[in-house]
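Encoded as C-alpha coordinates, the structure appears first; notes follow it.
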Amino acid sequence: MTLKLLVVDDETGMRMGIRRALRNFQSEPDDTGLIVRLSVEEAESGEQAIEKIKDSPPDIVLLDHRMGGITGLDVLNWMEDNSPDVLAIMITAYASLENAINATKKGAFDFLPKPFTPAELKVAVRQAVKHVLAVREAKRLSEEKRRVRFQFISVLAHELKAPLGAIEGYLYLLQDGTALSNPETLPRVVERSLVRLQGMRKLIYDLLDLTRIESGEKKRELAEVDVVQAANASVETMAPDAASRGIEIVLNAPEHLPMLGDRSELEIILNNLVSNAVKYNRDNGKVTVTLTESPEDVTISVADTGIGMTEEERERLFGEFARIKNEKTRNILGSGLGLNIVKRIAGLYEGSVTVESTPDAGSTFTVTLKKALA
Amino acid sequence: MERNLTILLVDDDQDYIEQMRLMLETGGYTVHTCITREKAEELLGTMKPDIAVIDLMMEQNDDGFVLAYRLKKKYPDVPVIMVTAVTSETGIDFTSAPDTGGWMKADALLQKPVRFEQLEAQIKRLCHG
(Lines give C-alpha, C1' and ligand atoms only; values in the text may rest on other atoms or scores of the structure.)
Protein backbone atom coordinates (compact mmCIF):
# COMPACT_ATOMS: atom_id res chain seq x y z
CA MET A 1 0.00 0.00 0.00
CA THR A 2 1.20 3.51 -0.75
CA LEU A 3 0.29 6.46 1.45
CA LYS A 4 0.58 10.01 0.24
CA LEU A 5 2.80 12.38 2.20
CA LEU A 6 2.91 16.10 1.55
CA VAL A 7 6.01 18.08 2.60
CA VAL A 8 5.19 21.75 3.21
CA ASP A 9 8.27 23.92 3.64
CA ASP A 10 9.48 27.15 2.03
CA GLU A 11 13.11 25.96 1.95
CA THR A 12 13.92 23.96 -1.15
CA GLY A 13 16.84 22.27 0.59
CA MET A 14 14.64 21.06 3.43
CA ARG A 15 12.03 19.64 1.02
CA MET A 16 14.71 17.83 -0.95
CA GLY A 17 16.34 16.51 2.20
CA ILE A 18 13.05 15.07 3.44
CA ARG A 19 12.29 13.57 0.04
CA ARG A 20 15.72 11.92 0.03
CA ALA A 21 15.35 10.59 3.57
CA LEU A 22 11.97 9.03 2.77
CA ARG A 23 12.81 7.77 -0.71
CA ASN A 24 13.14 4.12 0.26
CA PHE A 25 10.82 4.28 3.21
CA GLN A 26 8.79 1.23 3.98
CA SER A 27 6.94 0.30 7.14
CA GLU A 28 7.39 -2.89 9.13
CA PRO A 29 4.91 -5.50 7.84
CA ASP A 30 1.80 -5.66 10.05
CA ASP A 31 -0.09 -8.84 11.10
CA THR A 32 -1.40 -9.34 7.58
CA GLY A 33 2.01 -8.76 6.00
CA LEU A 34 1.01 -5.35 4.73
CA ILE A 35 3.92 -3.01 3.95
CA VAL A 36 3.36 0.71 3.47
CA ARG A 37 5.42 2.84 1.10
CA LEU A 38 5.19 6.58 0.63
CA SER A 39 4.66 8.78 -2.36
CA VAL A 40 6.04 12.20 -1.49
CA GLU A 41 4.73 15.49 -2.82
CA GLU A 42 5.85 19.01 -2.05
CA ALA A 43 4.34 22.40 -1.42
CA GLU A 44 6.50 25.52 -1.02
CA SER A 45 4.01 27.64 0.90
CA GLY A 46 1.03 27.34 3.20
CA GLU A 47 -1.27 28.64 0.45
CA GLN A 48 -0.04 26.03 -1.99
CA ALA A 49 -0.39 23.34 0.67
CA ILE A 50 -4.07 24.19 1.16
CA GLU A 51 -4.64 24.06 -2.61
CA LYS A 52 -2.96 20.67 -2.80
CA ILE A 53 -4.87 19.26 0.18
CA LYS A 54 -8.14 20.52 -1.34
CA ASP A 55 -7.25 19.06 -4.68
CA SER A 56 -6.27 15.61 -3.48
CA PRO A 57 -5.92 15.11 0.28
CA PRO A 58 -2.73 13.36 1.40
CA ASP A 59 -2.64 10.93 4.33
CA ILE A 60 0.16 12.69 6.17
CA VAL A 61 1.43 16.28 6.07
CA LEU A 62 4.88 17.34 7.23
CA LEU A 63 4.22 20.97 8.01
CA ASP A 64 6.82 23.70 8.56
CA HIS A 65 5.81 26.27 11.12
CA ARG A 66 7.47 29.47 9.92
CA MET A 67 6.92 30.18 6.23
CA GLY A 68 6.79 33.29 4.07
CA GLY A 69 3.03 33.64 3.79
CA ILE A 70 0.57 31.99 6.11
CA THR A 71 2.13 29.91 8.86
CA GLY A 72 2.02 26.22 9.51
CA LEU A 73 -0.42 26.86 12.36
CA ASP A 74 -2.75 28.65 9.91
CA VAL A 75 -2.66 25.60 7.66
CA LEU A 76 -3.31 23.40 10.68
CA ASN A 77 -6.30 25.60 11.55
CA TRP A 78 -7.67 25.23 8.06
CA MET A 79 -7.11 21.45 8.13
CA GLU A 80 -8.94 21.11 11.42
CA ASP A 81 -12.11 22.43 9.75
CA ASN A 82 -11.68 21.13 6.23
CA SER A 83 -9.76 17.87 6.25
CA PRO A 84 -9.67 16.50 9.78
CA ASP A 85 -8.63 13.04 8.55
CA VAL A 86 -5.22 14.22 7.36
CA LEU A 87 -2.48 13.61 9.88
CA ALA A 88 -0.08 16.51 10.51
CA ILE A 89 3.48 16.48 11.85
CA MET A 90 4.71 19.99 12.67
CA ILE A 91 8.29 20.93 11.85
CA THR A 92 9.90 24.04 13.19
CA ALA A 93 13.29 25.54 13.86
CA TYR A 94 11.87 27.60 16.69
CA ALA A 95 11.08 24.65 18.82
CA SER A 96 9.38 25.88 21.89
CA LEU A 97 6.96 24.39 24.31
CA GLU A 98 4.40 26.99 23.30
CA ASN A 99 4.53 26.04 19.64
CA ALA A 100 4.25 22.38 20.49
CA ILE A 101 1.22 22.99 22.68
CA ASN A 102 -0.44 25.19 20.08
CA ALA A 103 0.11 22.66 17.32
CA THR A 104 -1.12 19.76 19.38
CA LYS A 105 -4.19 21.72 20.38
CA LYS A 106 -4.93 22.25 16.72
CA GLY A 107 -4.78 18.53 16.18
CA ALA A 108 -1.19 17.98 15.08
CA PHE A 109 -0.26 14.34 15.57
CA ASP A 110 3.43 14.92 16.31
CA PHE A 111 6.07 17.59 16.56
CA LEU A 112 9.51 17.44 14.96
CA PRO A 113 12.09 20.07 16.02
CA LYS A 114 14.68 21.27 13.48
CA PRO A 115 17.36 20.20 13.01
CA PHE A 116 16.44 16.55 12.84
CA THR A 117 18.30 13.53 11.48
CA PRO A 118 16.84 11.33 8.75
CA ALA A 119 16.45 8.63 11.42
CA GLU A 120 14.38 10.92 13.64
CA LEU A 121 12.23 11.87 10.65
CA LYS A 122 11.63 8.21 9.82
CA VAL A 123 10.64 7.38 13.39
CA ALA A 124 8.07 10.19 13.37
CA VAL A 125 6.72 9.16 9.96
CA ARG A 126 6.59 5.52 10.96
CA GLN A 127 4.43 6.44 13.97
CA ALA A 128 2.17 8.50 11.74
CA VAL A 129 1.80 5.64 9.26
CA LYS A 130 0.86 3.28 12.08
CA HIS A 131 -1.75 5.73 13.25
CA VAL A 132 -3.24 6.17 9.77
CA LEU A 133 -3.55 2.39 9.45
CA ALA A 134 -5.13 2.04 12.90
CA VAL A 135 -7.68 4.74 12.12
CA ARG A 136 -8.55 3.06 8.82
CA GLU A 137 -8.98 -0.31 10.50
CA ALA A 138 -11.20 1.16 13.22
CA LYS A 139 -13.33 2.83 10.57
CA ARG A 140 -13.64 -0.39 8.60
CA LEU A 141 -14.67 -2.30 11.74
CA SER A 142 -17.26 0.23 12.72
CA GLU A 143 -18.75 0.17 9.21
CA GLU A 144 -18.79 -3.61 9.28
CA LYS A 145 -20.50 -3.52 12.67
CA ARG A 146 -23.14 -1.13 11.37
CA ARG A 147 -23.75 -3.31 8.35
CA VAL A 148 -24.11 -6.49 10.42
CA ARG A 149 -26.44 -4.72 12.81
CA PHE A 150 -28.60 -3.40 10.00
CA GLN A 151 -28.79 -6.84 8.46
CA PHE A 152 -29.72 -8.39 11.81
CA ILE A 153 -32.50 -5.89 12.37
CA SER A 154 -33.82 -6.35 8.84
CA VAL A 155 -34.07 -10.08 9.32
CA LEU A 156 -35.51 -9.63 12.78
CA ALA A 157 -38.21 -7.30 11.47
CA HIS A 158 -39.07 -9.86 8.82
CA GLU A 159 -39.22 -12.67 11.39
CA LEU A 160 -41.52 -10.61 13.61
CA LYS A 161 -43.73 -9.55 10.73
CA ALA A 162 -44.29 -13.10 9.54
CA PRO A 163 -46.35 -14.21 12.58
CA LEU A 164 -48.07 -10.82 12.79
CA GLY A 165 -49.11 -11.13 9.18
CA ALA A 166 -50.30 -14.69 9.66
CA ILE A 167 -52.46 -13.73 12.64
CA GLU A 168 -53.76 -10.66 10.84
CA GLY A 169 -54.67 -12.87 7.91
CA TYR A 170 -56.66 -15.19 10.16
CA LEU A 171 -58.46 -12.21 11.72
CA TYR A 172 -59.44 -11.01 8.25
CA LEU A 173 -60.89 -14.45 7.56
CA LEU A 174 -62.94 -14.12 10.73
CA GLN A 175 -63.98 -10.58 9.90
CA ASP A 176 -65.20 -11.33 6.40
CA GLY A 177 -66.86 -14.56 7.48
CA THR A 178 -64.76 -16.92 5.36
CA ALA A 179 -63.56 -18.73 8.48
CA LEU A 180 -67.14 -19.22 9.65
CA SER A 181 -68.39 -20.89 6.49
CA ASN A 182 -67.28 -24.32 7.60
CA PRO A 183 -67.60 -25.54 11.23
CA GLU A 184 -64.16 -27.17 11.15
CA THR A 185 -62.42 -24.02 10.09
CA LEU A 186 -63.01 -21.81 13.11
CA PRO A 187 -61.13 -23.88 15.75
CA ARG A 188 -58.27 -24.33 13.29
CA VAL A 189 -58.03 -20.57 12.72
CA VAL A 190 -57.97 -19.89 16.45
CA GLU A 191 -55.43 -22.62 17.12
CA ARG A 192 -53.04 -21.48 14.41
CA SER A 193 -53.29 -17.87 15.59
CA LEU A 194 -52.37 -18.95 19.11
CA VAL A 195 -49.47 -21.06 17.86
CA ARG A 196 -48.08 -18.12 15.90
CA LEU A 197 -48.44 -15.85 18.91
CA GLN A 198 -46.53 -18.33 21.07
CA GLY A 199 -43.84 -18.52 18.41
CA MET A 200 -43.54 -14.77 18.43
CA ARG A 201 -43.23 -14.70 22.20
CA LYS A 202 -40.50 -17.35 22.05
CA LEU A 203 -38.66 -15.27 19.46
CA ILE A 204 -38.78 -12.23 21.71
CA TYR A 205 -37.52 -14.20 24.72
CA ASP A 206 -34.73 -15.75 22.67
CA LEU A 207 -33.82 -12.36 21.39
CA LEU A 208 -33.56 -11.01 24.93
CA ASP A 209 -31.34 -13.95 25.93
CA LEU A 210 -29.14 -13.35 22.94
CA THR A 211 -28.85 -9.63 23.58
CA ARG A 212 -28.01 -10.15 27.22
CA ILE A 213 -25.31 -12.68 26.44
CA GLU A 214 -23.88 -10.49 23.71
CA SER A 215 -23.83 -7.28 25.70
CA GLY A 216 -22.49 -8.92 28.81
CA GLU A 217 -25.43 -7.32 30.63
CA LYS A 218 -26.64 -10.64 31.86
CA LYS A 219 -25.13 -11.03 35.29
CA ARG A 220 -23.51 -14.41 35.44
CA GLU A 221 -23.97 -16.13 38.73
CA LEU A 222 -21.27 -18.73 38.85
CA ALA A 223 -21.77 -21.35 41.51
CA GLU A 224 -21.68 -25.09 41.80
CA VAL A 225 -24.49 -26.41 39.63
CA ASP A 226 -25.65 -30.00 39.33
CA VAL A 227 -26.04 -30.58 35.59
CA VAL A 228 -28.15 -33.68 36.32
CA GLN A 229 -30.64 -31.58 38.25
CA ALA A 230 -30.82 -29.01 35.47
CA ALA A 231 -31.32 -31.77 32.89
CA ASN A 232 -34.10 -33.32 34.96
CA ALA A 233 -35.88 -29.98 35.12
CA SER A 234 -35.59 -29.60 31.37
CA VAL A 235 -36.93 -33.07 30.70
CA GLU A 236 -39.87 -32.40 32.99
CA THR A 237 -40.65 -29.13 31.23
CA MET A 238 -40.76 -30.81 27.84
CA ALA A 239 -42.53 -33.99 29.02
CA PRO A 240 -46.12 -32.85 28.28
CA ASP A 241 -45.29 -31.85 24.69
CA ALA A 242 -43.37 -35.07 24.20
CA ALA A 243 -46.14 -37.22 25.68
CA SER A 244 -48.77 -35.64 23.46
CA ARG A 245 -46.90 -37.06 20.48
CA GLY A 246 -45.93 -40.37 22.08
CA ILE A 247 -42.28 -39.39 22.38
CA GLU A 248 -40.24 -40.92 25.19
CA ILE A 249 -37.48 -38.91 26.86
CA VAL A 250 -34.70 -40.90 28.54
CA LEU A 251 -32.01 -39.42 30.76
CA ASN A 252 -28.73 -41.34 31.11
CA ALA A 253 -26.69 -39.68 33.79
CA PRO A 254 -24.74 -40.30 36.96
CA GLU A 255 -26.45 -39.38 40.20
CA HIS A 256 -24.79 -36.01 40.39
CA LEU A 257 -22.61 -34.05 38.03
CA PRO A 258 -21.38 -30.85 39.59
CA MET A 259 -19.66 -28.07 37.68
CA LEU A 260 -19.00 -24.38 38.11
CA GLY A 261 -21.62 -22.62 36.09
CA ASP A 262 -24.61 -20.31 35.86
CA ARG A 263 -27.76 -22.28 36.43
CA SER A 264 -29.85 -20.24 34.00
CA GLU A 265 -27.28 -20.62 31.24
CA LEU A 266 -27.25 -24.39 31.64
CA GLU A 267 -31.04 -24.36 31.56
CA ILE A 268 -31.06 -22.40 28.31
CA ILE A 269 -28.70 -24.95 26.73
CA LEU A 270 -30.67 -27.95 27.95
CA ASN A 271 -34.10 -26.49 27.18
CA ASN A 272 -33.08 -25.59 23.65
CA LEU A 273 -31.57 -28.99 22.91
CA VAL A 274 -34.34 -31.05 24.49
CA SER A 275 -37.13 -28.98 22.98
CA ASN A 276 -35.50 -29.21 19.53
CA ALA A 277 -35.15 -32.98 19.94
CA VAL A 278 -38.89 -33.21 20.66
CA LYS A 279 -39.96 -30.72 17.99
CA TYR A 280 -37.95 -32.29 15.20
CA ASN A 281 -38.77 -35.86 16.25
CA ARG A 282 -41.25 -38.20 14.64
CA ASP A 283 -44.38 -39.22 16.52
CA ASN A 284 -43.65 -42.08 18.96
CA GLY A 285 -39.95 -41.35 18.68
CA LYS A 286 -37.34 -41.15 21.40
CA VAL A 287 -35.11 -38.50 22.90
CA THR A 288 -31.99 -39.62 24.75
CA VAL A 289 -30.20 -37.14 26.98
CA THR A 290 -26.77 -38.37 28.05
CA LEU A 291 -24.57 -36.60 30.59
CA THR A 292 -20.94 -37.65 31.02
CA GLU A 293 -17.86 -36.12 32.53
CA SER A 294 -14.10 -36.20 32.22
CA PRO A 295 -11.72 -34.62 34.71
CA GLU A 296 -11.96 -31.35 32.78
CA ASP A 297 -15.27 -31.35 30.93
CA VAL A 298 -18.95 -32.03 31.17
CA THR A 299 -20.58 -33.37 28.04
CA ILE A 300 -24.29 -33.02 27.33
CA SER A 301 -25.50 -35.08 24.43
CA VAL A 302 -29.09 -35.02 23.16
CA ALA A 303 -30.09 -37.54 20.51
CA ASP A 304 -33.41 -37.73 18.69
CA THR A 305 -34.98 -40.13 16.24
CA GLY A 306 -36.40 -37.40 14.08
CA ILE A 307 -36.15 -35.97 10.61
CA GLY A 308 -32.39 -35.35 10.64
CA MET A 309 -30.53 -33.02 8.32
CA THR A 310 -28.43 -33.02 5.22
CA GLU A 311 -24.83 -31.90 5.42
CA GLU A 312 -25.68 -28.63 3.71
CA GLU A 313 -28.42 -27.93 6.26
CA ARG A 314 -26.08 -28.78 9.10
CA GLU A 315 -23.60 -26.14 8.00
CA ARG A 316 -26.11 -23.31 8.27
CA LEU A 317 -27.51 -24.47 11.55
CA PHE A 318 -25.79 -22.21 14.05
CA GLY A 319 -26.31 -18.88 12.31
CA GLU A 320 -28.77 -16.27 13.48
CA PHE A 321 -32.30 -16.94 12.26
CA ALA A 322 -31.07 -20.12 10.64
CA ARG A 323 -34.15 -22.23 10.21
CA ILE A 324 -34.13 -25.29 8.06
CA LYS A 325 -37.19 -25.01 5.86
CA ASN A 326 -38.41 -28.01 3.95
CA GLU A 327 -41.46 -30.27 3.66
CA LYS A 328 -40.55 -31.99 6.92
CA THR A 329 -40.20 -28.84 8.99
CA ARG A 330 -43.21 -26.97 7.62
CA ASN A 331 -45.29 -27.51 10.74
CA ILE A 332 -42.50 -26.80 13.19
CA LEU A 333 -42.13 -23.33 14.59
CA GLY A 334 -38.93 -21.87 15.94
CA SER A 335 -37.19 -18.55 16.33
CA GLY A 336 -34.07 -19.64 14.50
CA LEU A 337 -32.03 -18.29 17.40
CA GLY A 338 -31.92 -21.22 19.82
CA LEU A 339 -28.80 -22.97 18.58
CA ASN A 340 -27.01 -19.71 18.06
CA ILE A 341 -27.65 -18.96 21.73
CA VAL A 342 -26.49 -22.44 22.76
CA LYS A 343 -23.27 -21.93 20.83
CA ARG A 344 -22.64 -18.54 22.39
CA ILE A 345 -23.20 -19.87 25.90
CA ALA A 346 -20.92 -22.84 25.23
CA GLY A 347 -18.32 -20.26 24.27
CA LEU A 348 -18.56 -18.74 27.73
CA TYR A 349 -17.49 -22.15 29.11
CA GLU A 350 -14.67 -22.52 26.57
CA GLY A 351 -16.82 -25.26 25.16
CA SER A 352 -18.08 -26.48 21.84
CA VAL A 353 -21.27 -27.61 20.12
CA THR A 354 -21.23 -30.33 17.49
CA VAL A 355 -23.93 -32.15 15.61
CA GLU A 356 -24.15 -35.49 13.86
CA SER A 357 -27.15 -36.17 11.74
CA THR A 358 -28.64 -38.56 9.24
CA PRO A 359 -31.68 -37.50 7.21
CA ASP A 360 -34.82 -39.35 8.35
CA ALA A 361 -32.94 -41.14 11.14
CA GLY A 362 -32.16 -38.39 13.64
CA SER A 363 -29.66 -35.93 15.00
CA THR A 364 -27.35 -35.88 18.00
CA PHE A 365 -26.24 -32.56 19.45
CA THR A 366 -23.25 -32.64 21.76
CA VAL A 367 -22.25 -29.74 23.96
CA THR A 368 -18.96 -29.88 25.85
CA LEU A 369 -18.34 -27.41 28.68
CA LYS A 370 -15.30 -26.80 30.87
CA LYS A 371 -16.19 -27.83 34.41
CA ALA A 372 -14.17 -25.17 36.14
CA LEU A 373 -13.22 -22.02 34.35
CA ALA A 374 -9.68 -20.75 34.67
CA MET B 1 -67.68 -14.95 -13.70
CA GLU B 2 -65.17 -17.69 -14.43
CA ARG B 3 -65.00 -19.93 -11.42
CA ASN B 4 -62.86 -22.88 -12.32
CA LEU B 5 -59.47 -21.29 -12.72
CA THR B 6 -56.53 -23.34 -11.45
CA ILE B 7 -54.18 -21.43 -9.19
CA LEU B 8 -50.66 -22.42 -8.18
CA LEU B 9 -49.90 -21.11 -4.70
CA VAL B 10 -46.27 -21.16 -3.54
CA ASP B 11 -45.32 -19.97 -0.06
CA ASP B 12 -43.12 -21.36 2.69
CA ASP B 13 -45.45 -20.14 5.43
CA GLN B 14 -48.01 -22.78 6.18
CA ASP B 15 -50.49 -20.27 7.56
CA TYR B 16 -50.45 -18.12 4.43
CA ILE B 17 -51.04 -21.24 2.39
CA GLU B 18 -54.00 -22.18 4.59
CA GLN B 19 -55.50 -18.70 4.50
CA MET B 20 -55.11 -18.24 0.78
CA ARG B 21 -56.37 -21.72 0.06
CA LEU B 22 -59.41 -21.09 2.22
CA MET B 23 -60.10 -17.78 0.52
CA LEU B 24 -59.56 -19.06 -2.98
CA GLU B 25 -61.48 -22.30 -2.52
CA THR B 26 -64.37 -20.37 -0.98
CA GLY B 27 -64.17 -18.19 -4.06
CA GLY B 28 -64.55 -21.26 -6.24
CA TYR B 29 -61.01 -21.63 -7.51
CA THR B 30 -59.00 -24.84 -7.76
CA VAL B 31 -55.83 -24.48 -5.70
CA HIS B 32 -52.51 -26.35 -5.86
CA THR B 33 -50.05 -25.51 -3.10
CA CYS B 34 -46.29 -25.92 -2.69
CA ILE B 35 -44.05 -24.77 0.15
CA THR B 36 -40.74 -24.78 -1.71
CA ARG B 37 -39.52 -23.55 -5.07
CA GLU B 38 -38.28 -27.05 -5.90
CA LYS B 39 -41.70 -28.62 -5.31
CA ALA B 40 -43.33 -25.93 -7.40
CA GLU B 41 -40.92 -26.55 -10.26
CA GLU B 42 -41.66 -30.26 -10.03
CA LEU B 43 -45.39 -29.60 -10.15
CA LEU B 44 -45.01 -27.26 -13.10
CA GLY B 45 -43.55 -30.20 -15.00
CA THR B 46 -46.90 -31.96 -14.77
CA MET B 47 -49.47 -29.17 -14.87
CA LYS B 48 -50.01 -25.68 -16.22
CA PRO B 49 -51.89 -23.38 -13.86
CA ASP B 50 -54.05 -20.51 -15.08
CA ILE B 51 -52.24 -18.18 -12.72
CA ALA B 52 -49.51 -18.41 -10.05
CA VAL B 53 -49.32 -16.66 -6.69
CA ILE B 54 -45.71 -16.77 -5.44
CA ASP B 55 -44.08 -15.65 -2.21
CA LEU B 56 -40.96 -13.61 -2.88
CA MET B 57 -38.71 -14.75 -0.04
CA MET B 58 -38.79 -18.43 0.74
CA GLU B 59 -35.91 -20.64 1.83
CA GLN B 60 -33.56 -18.56 -0.30
CA ASN B 61 -34.16 -14.83 -0.49
CA ASP B 62 -34.53 -14.97 -4.23
CA ASP B 63 -36.63 -18.14 -4.55
CA GLY B 64 -39.67 -16.18 -5.67
CA PHE B 65 -37.73 -14.35 -8.39
CA VAL B 66 -36.16 -17.55 -9.64
CA LEU B 67 -39.43 -19.45 -9.69
CA ALA B 68 -41.26 -16.64 -11.49
CA TYR B 69 -38.47 -16.47 -14.05
CA ARG B 70 -38.55 -20.20 -14.72
CA LEU B 71 -42.33 -20.29 -14.83
CA LYS B 72 -42.42 -17.45 -17.37
CA LYS B 73 -39.83 -19.22 -19.47
CA LYS B 74 -41.92 -22.37 -19.58
CA TYR B 75 -45.34 -20.73 -19.77
CA PRO B 76 -44.98 -17.11 -20.93
CA ASP B 77 -48.75 -16.66 -20.89
CA VAL B 78 -49.31 -17.63 -17.23
CA PRO B 79 -49.67 -14.49 -15.10
CA VAL B 80 -47.66 -14.29 -11.88
CA ILE B 81 -48.74 -12.46 -8.75
CA MET B 82 -45.80 -11.94 -6.38
CA VAL B 83 -46.64 -11.70 -2.70
CA THR B 84 -44.28 -10.32 -0.11
CA ALA B 85 -43.96 -9.04 3.42
CA VAL B 86 -40.66 -7.45 2.45
CA THR B 87 -40.79 -3.71 2.51
CA SER B 88 -38.80 -0.74 3.53
CA GLU B 89 -36.64 -2.39 6.19
CA THR B 90 -34.62 -4.08 3.49
CA GLY B 91 -34.06 -0.78 1.76
CA ILE B 92 -35.96 -2.03 -1.26
CA ASP B 93 -39.47 -0.83 -1.81
CA PHE B 94 -40.71 -3.18 -4.46
CA THR B 95 -44.16 -1.72 -4.72
CA SER B 96 -42.99 1.74 -5.74
CA ALA B 97 -40.61 0.58 -8.45
CA PRO B 98 -42.39 1.65 -11.63
CA ASP B 99 -41.20 -1.17 -13.85
CA THR B 100 -41.13 -4.12 -11.48
CA GLY B 101 -43.10 -6.08 -14.04
CA GLY B 102 -40.07 -5.91 -16.30
CA TRP B 103 -37.19 -7.22 -14.28
CA MET B 104 -39.19 -9.14 -11.75
CA LYS B 105 -41.15 -11.32 -14.12
CA ALA B 106 -44.28 -10.63 -12.13
CA ASP B 107 -47.51 -9.14 -13.37
CA ALA B 108 -48.62 -7.88 -10.00
CA LEU B 109 -47.19 -7.42 -6.55
CA LEU B 110 -49.19 -7.65 -3.33
CA GLN B 111 -48.22 -6.93 0.25
CA LYS B 112 -48.82 -9.54 2.92
CA PRO B 113 -51.21 -10.11 4.51
CA VAL B 114 -53.22 -10.24 1.33
CA ARG B 115 -56.93 -9.43 1.42
CA PHE B 116 -59.11 -11.63 -0.69
CA GLU B 117 -60.66 -8.66 -2.54
CA GLN B 118 -57.21 -7.47 -3.62
CA LEU B 119 -56.15 -10.89 -4.72
CA GLU B 120 -59.35 -11.59 -6.60
CA ALA B 121 -59.22 -8.18 -8.29
CA GLN B 122 -55.72 -9.02 -9.58
CA ILE B 123 -56.74 -12.50 -10.67
CA LYS B 124 -59.69 -11.10 -12.58
CA ARG B 125 -57.58 -8.37 -14.16
CA LEU B 126 -54.86 -10.76 -15.25
CA CYS B 127 -57.02 -13.67 -16.37
CA HIS B 128 -59.81 -11.78 -18.08
CA GLY B 129 -58.02 -8.63 -19.17
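Order of the sequence lines fixes the chain letters, A, B, ..., with proteins taken first and strands second; residue numbering starts at 1 for each chain. Atoms considered below: every heavy atom in the structure, side chains included; atoms not considered: hydrogens, waters and symmetry mates. Predicted model only: the values in this text are computed from it and were never measured.
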Q | Within 6.0 Å of NZ in A:Lys343, more than 12 heavy atoms from elsewhere | A | no
Q) Where does A:Thr185 contact chain B at under 4.5 Å (heavy atoms): side chain, backbone, both or neither? A) side chain
Q) Between atom NZ of B:Lys112 and atom CG of A:Leu164, what is the distance when rounded to the nearest 0.5 Å? A) 13.0 Å
(Q) Are there over 12 heavy-atom neighbours, none belonging to A:Glu137, within less than 6.0 Å of that residue's CD? (A) yes
Q.
Quick check for you: to the nearest 0.5 Å, what is the distance between B:Met23 atom CE and A:Asp176 atom CG?
A. 8.0 Å
Q) What closest approach, in Å, do A:Thr178 and B:Thr26 show between heavy atoms, and which atom pair accounts for it? A) CG2-OG1, 3.5 Å
Q. Which atoms form the tightest heavy-atom contact between B:Pro113 and A:Gly165, and what is the distance?
A. CB-O, 3.6 Å
Q: Drop me the distance from A:Arg192's CZ to B:Gln14's CD, to the nearest 0.5 angstrom.
A: 4.0 Å
Q) Are more than 12 heavy atoms from other residues, nucleotides or ligands located less than 6.0 Å from atom OH of B:Tyr75? A) yes
(Q) Between B:Glu18 and A:Arg188, does any side-chain N to carboxylate O distance fall below 4.0 Å? (A) yes
Q: Please confirm whether the backbone N or O of A:Ala166 pairs with a side-chain atom of B:Gln19, one donor and one acceptor, at under 3.5 Å?
A: yes
Q. Got a sec: does the CD of A:Glu144 have more than 12 other heavy atoms crowding it under 6.0 Å?
A. yes
Q. So does A:Arg201 have more than 12 non-hydrogen atoms from other groups sitting under 6.0 Å from CZ?
A. no
